[in-house]
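Notes for the one structure printed next.
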Amino acid sequence: MSAIRPLIPLLIAAGILLGGNGLQGTLIALRGAQEGFSPAVIGFMGTAYFGGFLLGCLAIGRIMKAVGHVRSFSALAAIASAGTLTLVLVIDPLMWSVIRFAAGFCFAGLFTVMEAWLNSGAPNEHRARVLALYRMVDIGSVTGAQFLIPVFGPGGFTIFAIMSIMITLSLVPVSLGDRSNPTAPDDVKLDLPRVFRISPLGCIGCIAVGVTNSSFRTLSPVYAEELGMSVTDVVTFVSVGIIGGALIQYPLGYLSDRWDRRMVLLVSTVGALVTALALAFLAGNNPLANFVLVFVFGSFAMPLFSLSAAHANDRAGPGEFVLVNAALMLFYSFGAIGGPFSASFAMERFGPGALFGFIAAIYVVFIAIILYRMRARSSVPANRRGRFIALLRTSTIFAKLTRQAGEPRSNGKPDDGNGDASLTKPPSAEKKHR
C-alpha cells in the first residue's frame with residue numbers, strides 16, 4: 001500500500017474529472033432539449049466534443065514537454081472550468097458546440113497527463129492494483145455524478161457551477177499531493193496503416209464501437225427525455241447502461257481468453273444488436289422495460305472496444321502493444337466523431353427509437369465483417385493470446401499502464417513501454433501479417 005499511497009491524489013483528481021466529464025455530457029443533452037435544441041444540434045455538439053478529443057490526444061504530448069505536467073494540467077483544467085460556466089451564461093447552439101470542442105480537447109489532455117503520471121509512478125509489481133483502483137474510480141465517479149442532476153435539476157445556474165467547482169477542485173490534489181514533475185513521456189508512435197494491416201477486424205471494430213457508443217452516450221438522454229421520462233429516470237437510464245457494461249465485460253473477457261476472441265466478439269455484437277432492436281421497437285414508454293433492456297444492451301455493447309483491442313493485440317508482434325492500442329484509440333475517435341451527428345438525423349426523422357435503430361444498423365454491418373474475417377483468417381493459437389484487459393477510452397497513454405498484463409505471449413523482445421521494440425520485429429512476426 002505504501003507504494004500506491006503517492007498516487008492517491010492523482011486517483012482523487014481522476015475521480016473528480018471523470019465524474020465532471022460524465023455529468024457534463026448528460027447535462028448538455030438534457031438542458032439542450034429543455035432549451036429547444038433539436039437532436040441534430042445536440043448530436044453535432046457530441047461530434048464537436050469528440051473532434052476536440054481527437055485533437056487533444058494528438059497535441060498534448062507537445063504541451064507536456066513544453067511546460068510540464070502540473071502546468072499542463074492547470075491550464076487545461078482552468079479552460080474546462082471556464083467553459084463550463086460559459087455554457088450557462090451564453091445559451092446558444094454555436095457557442096455550446098465551440099465549448100464542447102474545447103472541452104473535448106481539454107479532457108483528452110487532462111486524462112493524458114494523469115495517466116502518464118500514473119504510468120511513471122506505478123511500480124511494475126503494483127501496476128495491476130493501480131489499474132483496478134483506476135477502473136473502480138472511473139465507474140463509481142461517472143455513475144455517481146449523474147445523480148447530481150436530479151438533486152439540483154438541469155435548469156438554472158447551480159448544476160453548472162457544481163461542474164465548474166468539480167473541475168477546479170481537481171487542481172488541489174494534483175498541485176499539493178506530489179512535488180515531483182515526471183519527465184514527459186515519449187510521443188506514442190502512430191502508424192495507422194500498419195496497425196490496420198495487423199488486424200483489420202480490430203480496427204474496424206473500434207471504429208464501429210466509436211460510432212455506436214458515442215451515439216448512445218451523447219443522445220441516450222435525449223431518447224429518454226423524448227419518451228417522457230423524468231429527470232431521475234433519464235439519469236438512471238444512462239447509468240444503468242454504463243453499469244451493465246462494467247459488470248459483464250470481465251466474464252466476456254475471461255471467455256475470450258479461452259475461446260476464439262472473434263466468436264466472443266460476434267456473440268457480444270449479436271446480443272447488442274438484439275437488445276438495440278428491442279429498445280427501438282418493443283420497449284415503448286415503459287421506464288422499467290427500458291431500464292432492463294439498456295442494462296442488457298450496455299452489458300454487450302460496452303465491452304466491444306476492449307474485445308476488439310484484445311483481438312488486435314493477439315495479432316500484434318513483440319513490442320507492438322502500445323503502438324497498436326494508441327492507434328485503436330484514434331480509430332475509436334474517428335468513429336465517435338461521426339456517430340452522434342449521424343444518429344441525430346435518424347432521430348429527427350423517425351423519432352427517439354431511431355437512435356437504437358441506427359446503432360443496430362451499424363452492428364449488422366459489423367457482424368457481416370466479423371463473419372467474413374473468421375472465414376478469411378484462422379484464429380490465434382491459445383499460446384499466443386494475451387490476457388484480456390478492460391481498456392478505458394480516456395487517452396492514448398492508457399495502454400502504457402496495461403502493457404505488461406496485455407502483451408501477447410511471445411519469446412520476442414519485450415515492450416519498453418514506448419512501442420520502440422516494434423521497430424525490431426522478428427521475421428516470423430512479419431510473416432504472420434502477410
Side-chain angles (χ1 to χ4, degrees), residues 22-50 93 96 100 142-143 146-147 149-150 154-155 208-245 271-302 304 335-336 338-364:
L23 172 62
Q24 187 175 115
T26 303
L27 179 60
I28 284 289
L30 273 175
R31 182 64 178 268
Q34 288 187 355
E35 296 291 341
F37 296 171
S38 67
V41 169
I42 296 172
F44 181 76
M45 291 176 191
T47 289
Y49 173 85
F50 287 107
W96 278 29
R100 286 297 284 166
V142 170
T143 55
Q146 303 287 318
F147 289 92
I149 297 177
V209 174
V211 173
T212 55
N213 283 10
S214 66
S215 299
F216 171 77
R217 192 65 188 87
T218 301
L219 295 168
S220 58
V222 179
Y223 163 87
E225 196 270 342
E226 289 192 358
L227 291 183
M229 292 188 191
S230 67
V231 173
T232 301
D233 285 344
V234 171
V235 170
T236 302
F237 180 80
V238 175
S239 299
V240 164
I242 298 172
I243 292 170
L273 167 64
V274 171
T275 48
L277 290 173
L279 281 161
F281 298 108
L282 300 178
N285 298 329
N286 187 327
L288 180 59
N290 276 280
F291 295 159
V292 172
L293 286 172
V294 81
F295 177 86
V296 179
F297 171 79
S299 299
F300 288 118
M302 299 304 162
L304 290 177
F341 195 47
S342 301
S344 66
F345 275 108
M347 292 181 71
E348 282 208 337
R349 181 163 185 177
F350 300 107
L355 168 63
F356 290 100
F358 170 83
I359 290 173
I362 301 299
Y363 288 145
V364 169

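A quick note: this is a predicted structure, and the numbers were derived from the prediction, not measured.
- Residue-environment remark: CZ (F147) exceeds the threshold of 12 foreign heavy atoms within 6.0 Å.
- The distance between the ring centers of Y223 and F216 does not fall below 6.0 angstrom.
- A ring-centre distance under 6.0 Å is not found for F350 and F358.
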Working for side chain to side chain contact (heavy atoms under 4.5 Å, CB included), residues F37 and M45: CA-CA 11 Å; F37 296 171; M45 291 176 191; 3.6 Å; yes
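- Within the 4.5 Å cutoff, side-chain heavy atoms of L355 are placed close to those of S215.
- The backbone N or O of L23 sits nowhere less than 3.5 Å from a side-chain atom of T26 that would complete a donor-acceptor pair.
- Taken from CG in D233 to CD in E225, the straight-line distance is 12.0 Å, to the nearest 0.5 Å.
- Side-chain contact of Q146 with S239: a donor-acceptor pair under 3.5 Å is absent, judged by distance alone.
- If you look at F291 and F295, their ring centroids are not closer than 6.0 Å.
- At least one donor-acceptor pair under 3.5 Å links the side chain of R31 to the backbone N or O of P154.
- Between G339 and S214 the shortest heavy-atom distance is CA-OG, 4.0 Å.
- Using a 4.5 Å heavy-atom threshold, the side chains of I242 and R217 count as touching.
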Step-by-step side chain to side chain contact (heavy atoms under 4.5 Å, CB included) determination, W96 to V41: CA-CA 10 Å; W96 278 29; V41 169; over 6 Å; no
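- Checked against a 6.0 Å centroid threshold, the rings of F297 and F356 count as neighbours.
- From F345, atom CZ reaches atom OG of S38 across 8.0 Å, with rounding to the nearest 0.5 Å.
- Here the straight-line distance linking atom CG of L273 with atom CD1 of I362 works out to 11.5 Å at 0.5 Å rounding.
- Using a 4.5 Å cut-off on side-chain heavy atoms (C-beta onward), S220 and F237 make contact.
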Pair L219-V222, side chain to side chain contact (heavy atoms under 4.5 Å, CB included): steps then yes or no: CA-CA 5 Å; L219 295 168; V222 179; 4.3 Å; yes
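- When atom types are taken as modelled, the side chain of N290 and the backbone of G284 share a donor-acceptor pair closer than 3.5 angstrom.
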